[in-house]
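Before any comments, here is the structure.
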Amino acid sequence: MSLRILLADDHAVFRSGLKAALNTQDDLCCVAEVADGQAAVNEVTRLTPDVAILDIRMPRLDGLRAAERILDRQGNTTKVIMLTTYDDDSYVYSALRLGVSGFLLKSVPPEETIAAIRIAARGDALIDPSVTRRFISRFAASIAPPASATGLDRLTAREREVLMLVAQAHSNTEIARDLGIGDETVKTHVSRILAKLGLRDRTQAVIYAASHHLVAPFPAPPTDTPDRAKTGRLKGRGRRRTI
């Protein structure tokens, strides 16, 4: 069965190019394309696609507010991936706090966006590598623990093990192999962890684990290199990191 995708971007050329790339994949189907955030919300409500790809800056309703309305809708099953031309920490912070399943710069090749769609659909999340390390290290220090400080006490020993492996970017298959259990058992543990801690998805689980010092945050990137001083970011893109 094909994954059903909605595209929302006010740039028709970019939208058409991405749609054409999606249509080359046997397991992906673009069911709608819209040019503004309000239309994206309306079409997600009507069509319930598996994944919605939203540009952050759109008319009528920006991508962040559209994502919030989609993800807060009762019974929502649509995963959201944010695309932007702006490598801005405030966008990353806002998007991941909402519970999106991906944050990518629009400059990535189409095949990497396609990979992100599949990752989001299976319940994982993917963040552009130019922001991953900076995001984790800063959020671990800045996000306050939830109001209930006893949340971790509700987890079993096995659930704490699974949470730590999720926070270290292990996939369900890797966790199953490391712990000697089945993939379905891992999925059950992850679901129970999210429910007990009041978290939306694996992305928020990573943030929770880092803010409670269950895992060490990634080191902050250097800030005094010539390339960074000139461009505001590290030179080179590197591999994308799935969380």
Side-chain angles (χ1 to χ4, degrees), residues 1-9 15 17-34 40-41 43-56 63-64 66-84 92 95-106 108-129 132 162 165-167 169-176 182-191 193-195 199-207 239-243:
M1 181 180 295
S2 296
L3 295 175
R4 303 167 69 250
I5 314 300
L6 176 139
L7 301 179
D9 194 297
R15 195 172 65 242
L18 184 53
K19 179 181 179 181
L22 296 181
N23 287 339
T24 66
Q25 306 297 305
D26 293 338
D27 62 333
L28 303 180
C29 175
C30 181
V31 295
E33 54 174 309
V34 298
V41 174
E43 289 299 275
V44 167
T45 301
R46 184 174 72 89
L47 298 170
T48 61
D50 297 294
V51 179
I53 301 176
L54 310 180
D55 185 21
I56 281 187
L64 289 173
E68 182 176 20
R69 294 186 186 183
I70 290 169
L71 295 170
D72 283 347
R73 186 169 58 92
Q74 186 173 7
N76 174 67
T77 58
T78 299
K79 307 296 185 181
V80 174
I81 295 174
M82 304 301 302
L83 295 181
T84 181
V92 184
L96 296 190
R97 287 284 297 210
L98 291 174
V100 304
S101 298
F103 187 96
L104 297 175
L105 299 183
K106 293 171 75 172
V108 303
E111 59 268 21
E112 297 190 19
T113 302
I114 289 171
I117 291 170
R118 296 184 178 119
I119 288 169
R122 72 176 187 233
D124 291 328
L126 184 143
I127 308 173
D128 193 283
T132 300
V162 172
L165 290 170
V166 168
H170 290 281
S171 67
N172 285 350
T173 300
E174 291 169 336
I175 294 172
D183 284 8
E184 290 302 318
T185 302
V186 175
K187 291 179 182 179
T188 299
H189 283 314
V190 171
S191 296
I193 290 166
L194 298 181
L199 305 173
R200 193 196 306 271
D201 54 26
R202 294 171 75 105
T203 304
Q204 291 192 347
V206 172
I207 297 172
R239 295 182 60 191
R240 273 160 181 73
R241 184 176 183 87
T242 303
I243 65 173

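- What you find for Cys30 and Asn23 is that their closest heavy atoms are N-OD1, 4.0 Å.
- Nearest heavy-atom pair, Pro49 versus Thr78, reported as atom, atom and distance to 0.1 Å: O-OG1, 2.6 Å.
- Arg4 places a side-chain N or O within 3.5 Å of a backbone atom of Leu47 that can act as its donor or acceptor partner.
- Note that NZ of Lys106 and CG of Asp55 are 4.0 Å apart. Values are rounded to the nearest 0.5 Å.
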With side chain to side chain contact (heavy atoms under 4.5 Å, CB included) as the test, would you mind laying out the steps for Ile70 and Leu54 before giving the verdict?
-> CA-CA 11 Å; Ile70 290 169; Leu54 310 180; 4.1 Å; yes

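- Within the 4.5 Å cutoff, the side chain of Ile193 has no heavy atoms near those of the Val166 side chain.
- Scanning both residues, Ala205 and Leu199, for their nearest heavy atoms gives CA-CD1, 3.6 Å.
- In this structure, Leu22 and Leu7 have side chains that are in contact, with non-hydrogen atoms separated by less than 4.5 Å.
- Residue Val100 comes nearest to Ala67 through the heavy atom pair CG1-CB, 4.3 Å, listed as atom of the first residue, atom of the second, then distance.
- Partners of Asn172 under the side-chain hydrogen bond (donor to acceptor under 3.5 Å, both in side chains) rule, at least two apart in sequence or in another chain, are Arg202.
- Between Leu105 and Thr84 there is a side-chain heavy-atom pair separated by less than 4.5 Å.
- How far CG of Asp50 is from OG1 of Thr77: 7.0 Å, rounded to the nearest 0.5 Å.
- Ion pairing between a basic and an acidic side chain is recognised when a charged N comes within 4.0 Å of a carboxylate O; Arg200 and Asp72 show such pairing.
- Atom-to-atom distance recorded for Ser171:OG and Leu165:CG is 10.0 Å, nearest 0.5 angstrom.
- Residues that satisfy the side-chain hydrogen bond (donor to acceptor under 3.5 Å, both in side chains) test with Gln204, not counting sequence neighbours, are absent from this structure.
- Heavy atoms only, all atoms of each residue included: Ala120 and Ser101 are closest at CB-CB, 3.7 Å.
- The backbone N or O of Pro109 lies less than 3.5 Å from no partner atom in the side chain of Glu112, so there is not a single donor-acceptor pair.
- Taken from CD1 in Ile53 to CD1 in Ile114, the straight-line distance is 9.0 Å, to the nearest 0.5 Å.
- Between Lys79 and Asp201 there is no salt bridge, since no side-chain nitrogen of the basic residue lies less than 4.0 Å from a carboxylate oxygen of the acidic one.
- One distance of note links OG1 of Thr24 with NZ of Lys19; it measures 13.5 Å at 0.5 Å rounding.
- The two residues Ile117 and Leu28 have their closest heavy-atom pair at CG2-CD2, 4.0 Å.
- For the pair Asp26/Ser2, no side-chain contact is recorded, criterion being any heavy-atom separation below 4.5 Å from C-beta on.
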Given Val51 and Leu3, is the side chain to side chain contact (heavy atoms under 4.5 Å, CB included) satisfied, shown in steps?
-> CA-CA 8 Å; Val51 179; Leu3 295 175; 5.6 Å; no

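- Counting only heavy atoms from C-beta outward, the side chains of Val41 and Arg73 never approach each other to under 4.5 Å.
- For the pair Leu18/Leu83, a side-chain contact is recorded, criterion being any heavy-atom separation below 4.5 Å from C-beta on.
- Not counting sequence neighbours, the partners of Glu43 by the side-chain hydrogen bond (donor to acceptor under 3.5 Å, both in side chains) test are Arg46.
- Side chain of Arg15 to backbone of Asp9: a donor-acceptor contact under 3.5 angstrom is found.
- With contacts defined as side-chain heavy-atom distances shorter than 4.5 Å, the pair Asp27/Arg118 qualifies.
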